[in-house]
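Below you'll find the structure, written out as structure tokens, and then a few comments.
Positions are given from 1, in the same order as the sequence printed here.
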Amino acid sequence: MTDKDKFFGAIQSGNVAAVSGLLNLNPDLVNVKDTRGFTPLILASYFDKVEIVKTLVKNNADLNDVDASGNTALIGVSFKGSQELVNYLIENGADLNKQNSNGTTALIYAAMYNQYEVVKILLANKADALIVDNDGKTALDYAKEKKLSPIIDILSN
């Protein structure tokens, strides 16, 4: 098993000590991609591994690197709803308005997946609610399609 395989395995299992140890041996692992194009930060964020996300960021993980679909860690975590990780990634410089290959932003995903608190956090940090995806839709358009009244209200203000 390669160090890269061990590293991604440690991330998925939530083994902070192993992640730290492997980074100490090979700092370049911090931004390596797996076979599906996921970065360690994207994977750790997706699986809500808060301490590993913090370890990766402290070791200079690229907050705005993308997977094969153009998703960043912030985009990935926004639809899942982890307020703690959304705040942490924003505080450390994640691009709020980065668009994936479909033109989707963290705000659009948060609205689509009814993540009201995440929508509030993104808007409070100046996410651009007027960005349109490749289908010409904004976060508000998706909220209206799904009849998500609280999100419609906050996006309409």
Side-chain angles (χ1 to χ4, degrees), residues 7-16 18-20 29-135 137-156:
F7 190 59
F8 279 101
I11 290 167
Q12 285 185 288
S13 68
N15 189 334
V16 179
V19 168
S20 295
L29 286 171
V30 76
N31 289 312
V32 71
K33 293 190 179 186
D34 73 5
T35 55
R36 296 168 297 174
F38 295 124
T39 67
L41 184 62
I42 290 170
L43 195 65
S45 296
Y46 182 82
F47 288 112
D48 201 28
K49 306 293 186 188
V50 176
E51 291 309 311
I52 291 178
V53 168
K54 290 178 179 180
T55 298
L56 293 168
V57 170
K58 288 175 187 161
N59 282 275
N60 302 311
D62 183 346
L63 288 154
N64 297 305
D65 202 356
V66 297
D67 66 15
S69 299
N71 293 306
T72 62
L74 181 62
I75 290 172
V77 77
S78 290
F79 84 88
K80 293 193 80 175
S82 173
Q83 298 166 48
E84 181 179 6
L85 281 176
V86 168
N87 277 313
Y88 184 79
L89 292 169
I90 292 169
E91 288 165 8
N92 284 280
D95 183 348
L96 291 169
N97 298 311
K98 186 127 175 126
Q99 292 176 272
N100 68 13
S101 56
N102 294 321
T104 309
T105 63
L107 182 62
I108 291 172
Y109 270 134
M112 286 172 85
Y113 288 92
N114 199 22
Q115 298 295 343
Y116 178 76
E117 293 299 325
V118 172
V119 170
K120 279 182 24 181
I121 293 165
L122 293 166
L123 290 173
N125 284 280
K126 309 292 187 231
D128 186 347
L130 300 178
I131 292 176
V132 295
D133 66 9
N134 294 356
D135 292 325
K137 296 179 183 178
T138 65
L140 179 59
D141 293 327
Y142 286 105
K144 285 179 177 177
E145 280 180 9
K146 295 186 174 204
K147 297 176 176 52
L148 304 172
S149 296
I151 292 177
I152 292 168
D153 292 344
I154 194 170
L155 287 169
S156 297

Of the non-hydrogen atoms in A111 and L155, which two are nearest, and what is the gap between them?
-> CB-CD1, 4.1 Å
Which residue pairs pass the ring-ring contact (aromatic ring centres under 6.0 Å, His included) test with at least one member in residues 45-76, sequence neighbours excluded?
-> none
From L122 CG over to T105 OG1, what is the distance, rounded to the nearest 0.5 angstrom?
-> 8.0 Å
Shortest non-hydrogen pair, I42 vs V66, comes out as CD1-C, 3.9 Å
Identify, with sequence neighbours excluded, every residue that meets side-chain contact (heavy atoms from CB on, under 4.5 Å) alongside A18.
-> A10, N15
Does D135 offer a backbone N or O that forms a donor-acceptor pair with the side chain of D133 under 3.5 Å?
-> yes
What do the steps show when you test N114 against I151 for side chain to side chain contact (heavy atoms under 4.5 Å, CB included), and what is the final call?
-> CA-CA 7 Å; N114 199 22; I151 292 177; 3.4 Å; yes
Hey, mind stepping through D95 and T72 against side chain to side chain contact (heavy atoms under 4.5 Å, CB included) and telling me if it holds?
-> CA-CA 9 Å; D95 183 348; T72 62; over 6 Å; no
side-chain hydrogen bond (donor to acceptor under 3.5 Å, both in side chains) with K137: which residues, sequence neighbours excluded?
-> E145
Sequence neighbours excluded - ring-ring contact (aromatic ring centres under 6.0 Å, His included) pairs with any residue from residues 55-74 = none
Could you list the residues that satisfy side-chain contact (heavy atoms from CB on, under 4.5 Å) with T35, not counting sequence neighbours?
-> none
Closest non-hydrogen atom pair between A129 and L107, with its separation | CA-CD2, 3.6 Å
Using a distance-only test with no angle check, is there a side-chain donor-acceptor pair under 3.5 angstrom linking D65 and T39?
-> no
Pairing residues for S69 by the side-chain contact (heavy atoms from CB on, under 4.5 Å) criterion, not counting sequence neighbours | D67, N71, S101
What's the shortest heavy-atom distance between A127 and L96, and which atoms?
-> N-CD1, 3.9 Å
What distance separates K49 NZ from L56 CG, expressed to the nearest 0.5 Å?
-> 12.5 Å
Do you know the tightest heavy-atom contact between I108 and A139?
-> CG1-N, 3.7 Å
